[in-house]
4 protein chains.
Amino acid sequence: MPPSVAVFGAAGFTGALAARLLHAHPVLELRWVTARSDVGRRLDDLYPQHRVPLELEELDLERHGEVDAAIVAYPHGASATLVAELRRRGVRVVDLSADFRLRDPALYAEWYREHPAPELLAEAAYGLPELYRDQIRDCGLVANPGCYPTASVLALAPLAREQLIEDVVIDAKSGVSGAGRAATEKTHFVTVDENVSAYGVPRHRHTPEIEQELAALGCEVRITFTPHLLPLDQGELVSCYVSSNGALRDVDLQGMYESFYSGEPFVEVVGSPPGVREVRETNFCRISVHRDPRTGRALIFSAIDNLWKGAASQAVQNLNLMFGLPEGLGIS
Amino acid sequence: MPPSVAVFGAAGFTGALAARLLHAHPVLELRWVTARSDVGRRLDDLYPQHRVPLELEELDLERHGEVDAAIVAYPHGASATLVAELRRRGVRVVDLSADFRLRDPALYAEWYREHPAPELLAEAAYGLPELYRDQIRDCGLVANPGCYPTASVLALAPLAREQLIEDVVIDAKSGVSGAGRAATEKTHFVTVDENVSAYGVPRHRHTPEIEQELAALGCEVRITFTPHLLPLDQGELVSCYVSSNGALRDVDLQGMYESFYSGEPFVEVVGSPPGVREVRETNFCRISVHRDPRTGRALIFSAIDNLWKGAASQAVQNLNLMFGLPEGLGIS
Amino acid sequence: MPPSVAVFGAAGFTGALAARLLHAHPVLELRWVTARSDVGRRLDDLYPQHRVPLELEELDLERHGEVDAAIVAYPHGASATLVAELRRRGVRVVDLSADFRLRDPALYAEWYREHPAPELLAEAAYGLPELYRDQIRDCGLVANPGCYPTASVLALAPLAREQLIEDVVIDAKSGVSGAGRAATEKTHFVTVDENVSAYGVPRHRHTPEIEQELAALGCEVRITFTPHLLPLDQGELVSCYVSSNGALRDVDLQGMYESFYSGEPFVEVVGSPPGVREVRETNFCRISVHRDPRTGRALIFSAIDNLWKGAASQAVQNLNLMFGLPEGLGIS
Amino acid sequence: MPPSVAVFGAAGFTGALAARLLHAHPVLELRWVTARSDVGRRLDDLYPQHRVPLELEELDLERHGEVDAAIVAYPHGASATLVAELRRRGVRVVDLSADFRLRDPALYAEWYREHPAPELLAEAAYGLPELYRDQIRDCGLVANPGCYPTASVLALAPLAREQLIEDVVIDAKSGVSGAGRAATEKTHFVTVDENVSAYGVPRHRHTPEIEQELAALGCEVRITFTPHLLPLDQGELVSCYVSSNGALRDVDLQGMYESFYSGEPFVEVVGSPPGVREVRETNFCRISVHRDPRTGRALIFSAIDNLWKGAASQAVQNLNLMFGLPEGLGIS
């Protein structure tokens, strides 16, 4: 029997894409899709392009909890309660919210609110396979990284592991799908079209997540992180400006990056600044690294599809690892 | 003393643009801007690009009715009541809604609902200056045409006046600003971007308005009218396919159109199909006419900015006429 | 041994996409990619998103002609000569140009120029599987339909077969990728962005191809066909306005279309006007049909991805048929 | 007699826009438009939206040099020679190229090539009115700033004058019109649409120009400057990340910026990050400044229209100053 999977919160962009990927997955079997809005509508009516012929149901744990695994795409805060319930039933969970990304509940409280299920933090793995592949395998609860942290941590990990980040500015650019499905003035076509602006200034919630992961690699550093909204649908670029007191001048940056990601199936180290089109609708992260000889800085550009590697396809990558399947199954 | 003007319903796209044009108008003086939402916000906060330093107020006819003229940008149905009140106070009105466009209240009832103020229909002029300039002058109530009727009637008028329209298909394309400021799934960037689809099939409310005006020119014809939503902000193109039982074969179409619009300050008859960029943020309607020798059809393409000539700048054009001012004041 | 395939003319948009689909095809094996420009560059350098690790070579029939099949993506006129050479060597060919689409060489001469290889016309099948599946199977030369004819003929076939098309206006809208890779004023971002206009007025070369196929289905009719350029990348919508002297009034259009396409793997008959996003990067054609009760017309909207079903994925669909493989292999 | 003006190089985006602004200018009189390509075409054929009814002529200094002033929109290097000739004839010049922006010919040689007319550098004023208004008045040669330097220097000037910039990262984002009218793979719609990427890494030519102006204000600093290309037409945003060894912690940034730009007609200091739509088709620069309490950095966001304040309308602003006219004439 193939492992059965449910997607909880499948009416949003990332949940719906996760459902699409699982529906077409050669091994995992998508059993249920639930939602808090749009109950009763078929997913292929709401998202025709995904062609998932399932009806969105209201959550009923008695029925929907009888699965081997779940992807939870609930908002921050709301997710932890459902995850705790699923874990009690022995369901393996990949959680797309921020609820289990920060290991320190005090940090979570500072940036979000009091943590709803701190007892689960210890068992959660951070779902960035390139850094935590072994922990993710056979793990019961995986916290899928945020889209910006995915692109940023992959961009900075080689330098962080060598303690080569004294200071870093991360200027991030994202398509509108990152703002979610809610129709607001901010996501109105006329607001976004022919426009670009910064948001979340000066405190965006992805900041502590990136700092946590840089620290885990050996770099305790306070970062400056600023996202911008662009007139495009899917795609995310982070531009990282790293200074390191001159220590970068003699480093073979290109070699360091190629070696660090050698063998990684979903990270591409390239020679010139990547565009987000190159990774659209893929699980790839595409990275270039450059030295600015005038300032001694390292410049790193990292492109992902925010809905794929930044959310849904990385969730499937994690599920594959959790079930001992080939890592790229259903997302290549 | 310069004539004073109020814009009622200035929180929407067309009302706000009307306010901008009036605020910069060399003669007319913008006195008030009211709104039903966003009361208390400044217009230059809501629409920074318009730079109108006025606060949106809740409607108070005792204060706001003390003006010489008003532009009313209310939804269909809601508009007629306010217009009637303003007319009682002697205020000259350009109404942007559909409430006074259809001369026959039974037709209005068929496509909208029972008319709220049928007694005013007789005094309303149809605000297409190219066809009704004399009626608009000194008129107390002008019904500003819909955006699609503006582009369509200007496209077809020369043929209609010669009774050369046996049948016509109008395939219209509009930018998203035409759908208004309401944030809905339909106007969400991710819905519209990289997309195009027809809507209002098969009965769009601009149909009877176009038919009425063709009939007034001498052509009683049932039209096929289908609008499409495009991934752009402002701009509207109508493509008209006219057949006339062979009668068009020997007509000098280009000459007919150039002669019909000779001297018109805001209609440009050009030699090749116009793009909407050519009229963006202008009061121009740009038209090309072609013969299809294989079918005998006439093809007419007509481009406007839906918020300008299709709404706000045409309203100011009408106000200029009503006050005996040069027609292009403040909109050239 | 899996059948080997070459793509001739792989530097353009459609050829490169064909190469990508074949490179990932589970049975067919992509052996060569040739080009007339960019020789020596790797395809994954030119089109990073396709990830095809092959070098573009200059055509050398001695080497490149040793394949079982070829997709030829050459310009009209240039294609026929290469196709003739390949056929002499026994290579099965899907030709993406217009050279073998029109069965009548006189018609070809009228719209293009004198036909370079009229002797091959008899053996060419028209590569629209929904209408010519049996002829395509085991055929040596398939003329892949134009993108507009694909969407238009699929939109009209059910009515054409019942002789229910007295007259038809086709208003087509296409993304910019349809204009090809050549960088011109027409494809410059600043020309296209926030714009829309008609082109190819009044004689676009896809006209006779559509008429030929309608005639083959039983409807001899002169059509009016006008394409428009939209500010989007991939995607094509055709809006068809059919009149039939009242004969359509009692037809169950929805039932007719659903029945006509019942069992077709790549045609979706839906209930409301489709958007091109619903078929982006797929081999699907998505169609809705409506009756306009006021005029008696039938309105049909048909959406495809111009590079996929309109070109490259349909070419692979044809190759699959030619080799007796499941029709959707590598394109689902 | 009104001062007469010629635009040399009016076939490109900035030259054509300058011609439009001058054609509609209430005092200055546009006499000639010349070009190196498209000679003989009318400007309103090439740029219909600008509606300038003049023919592009081949340069003939005998005729075209008989003007009071000129805007030169030639490429870098080609400009200096023409400017020198015009100055010899006593024509006042605003030069849109980089040729007279760098005061040090050695710096010019390092980033461009040997300077073609170093003897003119001494008389050139740097055409940023907010910093050099007095020098521009009655000046014979004004070097119009680059678009990125315009936005960047205005963003940083208040801090630079107080020596509060120890280090700065400038991450810039520009619409495609900044890349000019040449149709290349880089400006092809399909390349840019749904994409974003960095370019000019790590040495973009606007770098020394920004450093020169910061130094002139009192801050000798090596900057990191990286531009990105966005899928929009006109608009440019620079995001500046300034660190200053803790010196910024107690500064009233908002007050400092409002005071610095108090009375400036074309700089708007606002409270939240500006979007480029807010300045589209205007001469405004819109700036917000923020403190990041976690890192002590100042974040400054500065938005302009790259073709307007970044080029053509700033050139007219400079012309107004040179002729003693109100600064905003023809550009408000």
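Chain identifiers are assigned alphabetically (A, B, ...) following the order of the sequence lines, protein sequences preceding nucleic acid strands; residue numbering begins at 1 within each chain.
- For Thr224(C), the parts lying near chain B are the backbone and the side chain together; criterion is any non-hydrogen pair under 4.5 Å.
- Salt bridge status for Glu194(C) with Arg277(B): absent, with no side-chain N to carboxylate O gap under 4.0 Å.
- Between Glu213(B) and Arg103(B) there is a salt bridge, with a side-chain nitrogen of the basic residue lying less than 4.0 Å from a carboxylate oxygen of the acidic one.
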Subject >> Derivation of the side chain to side chain donor-acceptor pair (under 3.5 Å) call for Asn306(C) and Ser177(C) >> reply: CA-CA 8 Å; Asn306(C) 52 300; Ser177(C) 62; 2.9 Å; yes
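- Annotation: maximal heavy-atom pairing with chain B below 4.5 Å, among Val276(C), Asp167(C), Asn195(C), occurs at Asn195(C).
- Options Glu278(B), Arg203(B), Glu211(B) differ in how many heavy-atom pairs under 4.5 Å they form with chain C, and the most are formed by Glu211(B).
- Looking only at heavy-atom pairs under 4.5 Å with chain C, the residue among Ile223(B), Asp193(B), Leu299(B) that has the most is Asp193(B).
- Contact tally against chain C (heavy-atom pairs below 4.5 Å) for Thr191(B), Leu237(B), Val196(B), Thr295(B): the top residue is Val196(B).
- Listed options Arg222(C), Arg280(C), Glu236(C) were ranked by heavy-atom pairs under 4.5 angstrom with chain B; first place goes to Arg222(C).
- Contacts of Val192(C) with chain B are absent, with no heavy-atom separation under 4.5 Å from either backbone or side chain.
- The contact between Pro274(B) and chain C is made entirely by backbone atoms, counting heavy-atom distances below 4.5 Å.
- Contact annotation for Ser272(C): neither backbone nor side-chain heavy atoms come within less than 4.5 Å of a heavy atom of chain B.
- Proximity to chain B is absent for every atom of Leu229(C), based on heavy atoms less than 4.5 angstrom apart.
- Proximity to chain C (any heavy atom under 4.5 Å) is shown, for Val279(B), by neither the backbone nor the side chain.
- Using a 4.0 Å cut-off between charged nitrogen and carboxylate oxygen, Asp171(C) and Lys173(B) count as a salt-bridge pair.
- Interface remark: Arg297(B) contributes side-chain atoms only to the contact with chain C (heavy atom separation under 4.5 Å).
- The two residues His204(C) and Trp111(C) have their closest heavy-atom pair at O-CZ3, 3.4 Å.
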**OP:** Mind running side chain to side chain donor-acceptor pair (under 3.5 Å) on His228(B) and Ser239(C) for me, showing each step along the way?
**Re:** CA-CA 10 Å; His228(B) 298 72; Ser239(C) 307; 2.8 Å; yes
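- The pair Glu110(B)-Arg205(B) does not count as a salt bridge, with every side-chain nitrogen at least 4.0 angstrom from each carboxylate oxygen.
- Relative orientation of the Phe225(B) and His206(B) rings is tilted, given thresholds of 30° and 60° on the angle between their planes.
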